[in-house]
There are 2 protein chains.
Amino acid sequence: MMIAPREHDSIDYNELATLKQLALDGGLGRPVHVSCSELSGKLGVSAQTVSRRLRELEETDHVSRQLVDDGQNVSITEKGESVLHGEYYEYRRLFAAGDEPTLAGTVTDGMGEGKHYISLDGYQRQFEARLGYEPFPGTLNVAVGDDTPHRDRLQTMADGVRIDEWSDEERTYGAATCYPVTVEAGEGEFSPAHILVPDRTHHDERIVEVIAPVELRAELAIDAGSEVILRVAE
Amino acid sequence: MMIAPREHDSIDYNELATLKQLALDGGLGRPVHVSCSELSGKLGVSAQTVSRRLRELEETDHVSRQLVDDGQNVSITEKGESVLHGEYYEYRRLFAAGDEPTLAGTVTDGMGEGKHYISLDGYQRQFEARLGYEPFPGTLNVAVGDDTPHRDRLQTMADGVRIDEWSDEERTYGAATCYPVTVEAGEGEFSPAHILVPDRTHHDERIVEVIAPVELRAELAIDAGSEVILRVAE
DNA sequence: ATTACTAATATACGAGTAC
DNA sequence: TGTACTCGTATATTAGTAA
């Protein structure tokens with residue numbers, strides 16, 4: 001049987017263990033000063049192996065390094081952090097199921113742009129087939145501001161549903177990913193709903209667009225300024 | 001340089017990945033039906049490798065297996081679950097720091113047994129050296145009832161401080177582990193405090209014993225029946 | 001279809017060494 | 001002290017095969 005070749009920028013579990021150790025040693029926010037022999041003890045492998053693993057992690061863009069006299073300063077890249085975070089969410093699903101991650105934000109007046117796009121037939125057909133409903137023609141725009149870091153981790157928090165790009169005679173319409181959420185507002189809540197993240201984001205990254213089979217503003221009696229919580233489904 | 005030999009019952013990261021996949025496939029509570037080729041696809045290795053890893057996991061007592069015609073039913077053992085849970089808590093420290101695990105319970109009248117033991121000099125010396133305080137001569141007994149599963153995971157939730165066994169002319173006194181906690185009661189809270197878990201547990205497993213440098217009942221104005229929360233330190 | 005064995009090979013590891 | 005080579009060896013992996 002043919003096994004898919006390892007991608008050149010992927011990570012194996014021993015490298016992941018090394019990356020996790022760097023994170024545990026404080027490497028997530030800032031660079032961390034380490035030496036191979038120090039990590040060697042913590043990981044239970046030789047210093048040579050640690051040296052090689054760190055070089056591999058650098059090669060695959062999971063860390064960046066700066067060699068100094070008494071060791072090296074290692075920074076975990078965004079890609080490295082994303083890998084660790086994905087791992088975290090897998091374990092989270094195992095042991096903290098039910099206590100789902102959330103995004104808190106404020107409803108804002110939309111720009112009317114999303115409305116036009118999601119009404120297009122090329123998108124509607126996919127929504128219906130892959131989300132199981134035909135979205136109300138309009139998006140609920142939620143300013144997630146401080147929760148932006150969470151927004152960036154949506155892809156590791158839930159299984160996104162892909163919407164493919166398509167074209168008509170005139171132009172091409174871009175692909176997007178939909179993340180399943182429950183929308184909470186005051187006492188009420190509604191699902192199914194999805195956060196719609198276009199591959200090429202059109203506007204402010206601190207705002208997410210939510211689609212649902214109903215008009216959420218009416219359904220939940222909310223309007224610009226209302227506080228809502230988007231609970232990410234598992 | 002000498003590297004410590006791998007212990008015969010330890011787990012390497014590739015086996016851990018396999019174990020995690022079994023858990024994600026629903027193997028935590030109950031046995032899960034899998035086949036090597038099915039796991040092969042999910043793990044990106046050959047079916048032969050999966051077969052070997054499953055046998056290794058069985059060998060090291062992380063799973064138990066039952067071969068059937070169309071695959072095998074795999075159960076993750078307590079040991080296997082503990083390994084996964086430990087991994088979960090490491091990632092949790094990375095991404096959910098601050099939001100610490102807790103044990104909720106009710107203060108119960110102690111049996112006066114703990115009091116006698118912790119006052120003994122052989123223990124006191126260790127407490128002072130390793131916990132940084134001399135415990136008040138008496139334990140706060142907390143019935144954790146429903147949180148018993150959490151109790152069993154104390155060792156993966158925090159770094160326990162070991163208290164060694166010792167003996168005098170007459171007998172040997174057993175070893176124990178202390179887990180750092182903050183005790184919350186009503187508006188007040190106190191730390192440092194530790195949950196004391198004897199290696200050979202003397203009494204009801206649904207009760208944990210808490211020690212602190214002060215008399216917690218007086219300090220927090222609590223008594224039998226009071227609700228307390230033990231917040232496990234990271 | 002399975003699982004598991006054997007044997008060939010690919011990969012990872014650590015000792016020794018250089019800088 | 002560091003890191004990072006080379007290189008012989010140990011380990012892990014897969015192909016092929018058997019049951």
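Because only heavy atoms are used, hydrogens play no part in the values below, and waters and symmetry mates are left out as well, while side chains stay in. Every chain is numbered from 1, with letters handed out A, B, ... down the list of sequences.
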Original post:
For the base of C:dA15, is there a side-chain donor-acceptor partner from A:Q48 under 3.5 Å away?
Top reply: yes

Subject >> Value in whole Å for how far the P atom of C:dT11 lies from CG of B:D12 >> reply: 18 Å

**OP:** Starting from P on D:dA4, measure out to CG on A:L57 and report it in whole angstrom.
**Re:** 12 Å

Subject >> For D:dT14, the Watson-Crick or wobble counterpart (both distances under 3.5 Å) >> reply: C:dA7

Subject >> Donor-acceptor contact present, side-chain B:D168 to main-chain B:R171, <3.5 Å >> reply: yes

Original post:
To the nearest Å, how far apart are B:R53 CZ and D:dT11 C1'?
Top reply: 13 Å

Original post:
Within the structure, does a side-chain N or O atom of A:N14 lie under 4.0 Å from either OP1 or OP2 of C:dT11?
Top reply: no

**OP:** Using a cut-off of strictly less than 4.0 Å, decide whether A:R55 has a side-chain nitrogen or oxygen near OP1 or OP2 of D:dA4.
**Re:** yes

**OP:** Looking only at side-chain atoms of A:Q72, point me to the closest of D:dT3, D:dT14, C:dA12.
**Re:** D:dT3

Subject >> Basic-acidic side-chain contact under 4.0 Å: B:D12, B:R53 >> reply: no

**OP:** Write down the distance between CG (A:L39) and P (D:dT1), rounded to a whole number of angstrom.
**Re:** 17 Å

Original post:
If only side-chain N and O atoms of B:S51 are considered, is one of them under 4.0 Å from the OP1 or OP2 phosphate oxygen of C:dA4?
Top reply: yes

Subject >> Nearest to side-chain heavy atoms of B:L67, which nucleotide of C:dT3, C:dG14, D:dT3 >> reply: C:dT3

Subject >> Residues B:V183, B:L230; criterion side chain to side chain contact (heavy atoms under 4.5 Å, CB included); working and verdict >> reply: CA-CA 5 Å; B:V183 183; B:L230 307 174; 3.9 Å; yes

Subject >> Closest to the B:S37 side chain, choosing from C:dA12, C:dT2, C:dT3 >> reply: C:dT2

Original post:
Atom OH of A:Y13 and atom P of C:dA12: how far apart are they, to the nearest Å?
Top reply: 16 Å

Original post:
For the pair made of CG in B:D70 and P in C:dT3, what is the distance, rounded to whole Å?
Top reply: 9 Å

Original post:
Do the side-chain N or O atoms of B:R65 get closer than 4.0 angstrom to the phosphate oxygens (OP1, OP2) of C:dT2?
Top reply: no

Original post:
Would you say C:dC13 has OP1 or OP2 under 4.0 Å from some side-chain N or O of A:S46?
Top reply: no

Original post:
What's the closest nucleotide to the A:S35 side chain, out of D:dA12, C:dT3, D:dT3?
Top reply: D:dT3

Original post:
Does the ring centre of B:H194 sit less than 6.0 Å away from the ring centre of B:Y179?
Top reply: no

Original post:
Within this structure, what is the CG-to-P distance between A:L54 and D:dC5, rounded to whole angstrom?
Top reply: 13 Å

Subject >> B:K20/B:E87 salt bridge by N-O under 4.0 Å criterion >> reply: no

Original post:
Quick one: A:H33 NE2 to D:dT3 P, roughly how many Å, whole number?
Top reply: 8 Å

